[in-house]
Amino acid sequence: MFELISRQNNARRGRCTTPHGVVETPVFMNVGTQAAIKGALSADDLKTVGCQVELSNTYHLHVRPGERLIKQLGGLHSFMGWDAPILTDSGGFQVFSLAGLRKIREDGVRFNAHTDGRQIFMGPEESISIQWALGSDIAMAFDECIENPAPYEYVSASIARTTRWLRRCDEQLKLLKTQEDTINPGQVLWGINQGGTYHDLRIEHMKQIADLDLPGYAIGGLAVGESAEEMYSVIEAVEPHMPSDRPRYLMGVGTPANIIEAVSRGIDFFDCVMPARNARHGHLFTSAGVLNINNLKYRDDERPIDSACACPVCSKYSRAYLRHLFKAGEMLAMRLAVIHNLHFYNSLMQDIRTAIETGQFDAFSRKKLPLLSQRA
RNA sequence: GGGAGCGUUCCCGAGUGGCCAAAGGGGGCAGACUGUAAAUCUGUUGUCAGUGACUUCGGUGGUUCGAAUCCACCCGCUCCCA
């Protein structure tokens, strides 16, 4: 269930209710692919950084440890100690990212597992059954995330198949809901829009999937090589065709600037590995821009990463200490950096929500955008 | 006292006459990262000068058209036998 609280131009302030609680939007979902946030963060740490929704991955949890085990242990929430909302990605992104290890057919995708090479078949029914067993709150449709650039004819055929797959996902979830044996009976399915950078295909596909009247819709297949401007123009093309009373999720995006730009174009949900991955590599986000904590200039810098940041790392540690931890290869370096970056993202979303509520969003983005992209 | 080795660019370590400013690691410096096969990957790391020049392989001298590579002596270190 999704409720719009307020809006400013196209930017929306909303509230999404799930079986494990309410999500205030716009929101950034923190990515824990294998039921863990890389960088040694626990579910408790997720609370500390202000995470509302955790995201895990169907393909990866299916490969290891397997959804049967997780179901047997009470479902994903119980397994990883997270009692708030969880969204599971369907494995559709792995169709893209593991392109060298899979073959696509009408019924689904055959993978050679990246761990040991064994054959794994995943189609719409399999993906939904796995997500059902995991017991996430929001299950994503099994789609083909198309590489960019891709020929028009290929994209056209692919979105038609993704639509057929979506209908099968929907049927499968309805079937599973008739069974007694459930972890999370309130799980919902969200559809995913594809179409590469072809506006007409994007719109055509969006119209097709909107017909299924699902409780949420995502835009997928962006931020895979095209320019930011191209991505924004795709959002602008598709957005008018997305049901306005349902949450919109821009998958896998992005930089702080990408997020603000997308919120201004009507997006409510985001997720991205960037804050966590970049943190592990020493790349930190601050209110004054980005910085690489490994740089020599921070060797004796007594200041916190971001003096405007309220995270537990910034309230206690210096840049010099963080740099030392990275140089020494201590895993604490990654942990502290990830805590900071995720806190930064979650707190940016809080600021965005407040700005929309108070009618200040346009001024907020004008002020923030130039700062966030520069070198701190 | 006798015998056998070794000394390479920040470190370790290859190289035993030209294709060597010198492999490969490490370390350093910098860059990338967008529904995570990523604690990963890429570039760079003698000096100066934009296709080149100069200095360098413990030291000094020598052989040679040409030496990190061969010879002599010296300095330092290691191991074995007394």
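In what follows, every chain begins at residue 1, and chains take the letters A, B, ... in the order their sequences are listed. These numbers were taken from a predicted model, which means no experiment stands behind them.
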Sugar-phosphate, base or nothing in reach of A/I192, heavy atoms under 4.0 Å: base

Rounded C1' spacing from B/A37 to B/G31 in Å: 23 Å

Any donor-acceptor N/O pair, A/Q374 side chain to A/A288 backbone, under 3.5 Å: yes

Any strand: nucleotide that pairs with B/G5 via Watson-Crick or wobble, under 3.5 Å: B/C77

Spatial distance of atom SG (A/C272) from atom CG (A/N30) [nearest 0.5 Å]: 11.0 Å

hbond_proxy A/E144 side chain to B/G35 base (donor-acceptor, 3.5 Å cutoff): no

Spacing of A/L101 atom CG relative to B/A38 atom P, expressed in whole Å: 12 Å

Residue matched to B/G18 through Watson-Crick or wobble contacts both under 3.5 angstrom: B/C65

Contact under 4.0 Å: A/S97 side-chain N or O vs B/U36 OP1/OP2: no

A/R167 to A/W165 six-membered ring, cation-pi geometry met (6.0 Å, 45°): no

Touch class at under 4.0 angstrom, heavy-atom based, for A/G329 against every strand present: nothing

Base paired to B/U44 (Watson-Crick or G-U; both N/O distances under 3.5 angstrom): B/G28

Sugar-phosphate, base or nothing in reach of A/D143, heavy atoms under 4.0 Å: base

Sugar-phosphate only, base, or nothing, as touched by A/E226 at under 4.0 Å among non-hydrogen atoms: nothing

B/A30 OP1/OP2 closer than 4.0 Å to side-chain N/O of A/N294: no

Integer angstrom distance from the C1' of B/C77 to that of B/G26: 23 Å

Distance-only side-chain donor-acceptor flag, A/S233 / A/E229, under 3.5 Å: no

Position toward the 5' end of RNA chain B (nearest nucleotide), A/A223 or A/M331: A/A223

Touch class at under 4.0 angstrom, heavy-atom based, for A/N278 against every strand present: base

Interatomic distance at P, B/U8 relative to B/A14, whole Å: 11 Å

Between B/A39 (P) and A/L284 (CG): distance, integer Å: 16 Å

Base paired to B/A72 (Watson-Crick or G-U; both N/O distances under 3.5 angstrom): B/U60

pair A/H205-A/T163: side-chain heavy atoms closer than 4.5 Å: yes

A/L61 CG to B/G35 P, straight-line distance once rounded to whole Å: 16 Å

Whole-Å distance separating the CE atom of A/M274 from the P atom of B/G35: 8 Å

A/E330/A/R335 ion pair, N-O < 4.0 Å: no

Minimum-distance nucleotide to A/H281 side chain [options: B/A38, B/G35, B/A37]: B/A38

P gap between B/C12 and B/G66, integer Å: 33 Å

Among B/G35, B/G31, B/A37, the nucleotide that comes nearest once only the side chain of A/R375 is considered: B/G31

Geometric class of the A/F344/A/F285 ring pair [parallel <30°, tilted 30-60°, perpendicular >60°]: parallel

Distance, rounded to the nearest Å, where A/R280 contributes CZ and B/G31 contributes P: 19 Å

Under-4.0 Å side-chain N/O to phosphate OP1/OP2 contact, A/R277 with B/U34: yes

d(CH2, A/W190; P, B/G35) in whole Å: 17 Å

Nearest-angstrom distance, C1' atom, B/G13 to B/G24: 8 Å

Rounded P spacing from B/C70 to B/G18 in Å: 12 Å

Separation of A/C51 SG from A/Y345 OH (nearest 0.5 Å): 14.0 Å

Closest nucleotide among B/G31, B/C33, B/U34 to the A/N292 side chain: B/G31

Output one line per pair: protein atom, nucleotide atom from nucleotides 26-28 of chain B, and distance, for all N/O pairs under 3.5 Å.
none

Sugar-phosphate, base or nothing in reach of A/A218, heavy atoms under 4.0 Å: nothing

Span that lies between the C1' atom of B/A21 and that of B/U45, in whole angstrom: 12 Å

Point-to-point distance, once rounded to the nearest 0.5 Å, from CE of A/M242 to CE of A/M206: 4.5 Å

Side-chain N,O (A/Q34) to OP1/OP2 (B/U36) below 4.0 Å: no

Sugar-phosphate only, base, or nothing, as touched by A/H60 at under 4.0 Å among non-hydrogen atoms: sugar-phosphate

Note: A/K174-A/D170 ion pair, threshold 4.0 Å (strictly below): yes

Whole-angstrom distance between B/U60 and B/A53, as gauged at atom C1': 27 Å

For atom CG of A/N30 and atom C1' of B/U34, their distance in whole Å: 15 Å

Side chain of A/C272 (C-beta onward), nearest among B/G35, B/A38, B/A37: B/G35

Side-chain donor-acceptor pair present, A/Y232, A/N258, cut-off under 3.5 Å: yes

Phosphate contact (B/A30 OP1 or OP2) by A/N295 side-chain N/O below 4.0 Å: yes

Euclidean distance, atom CD1 of residue A/I293 to atom P of B/C33 [Å, nearest integer]: 19 Å

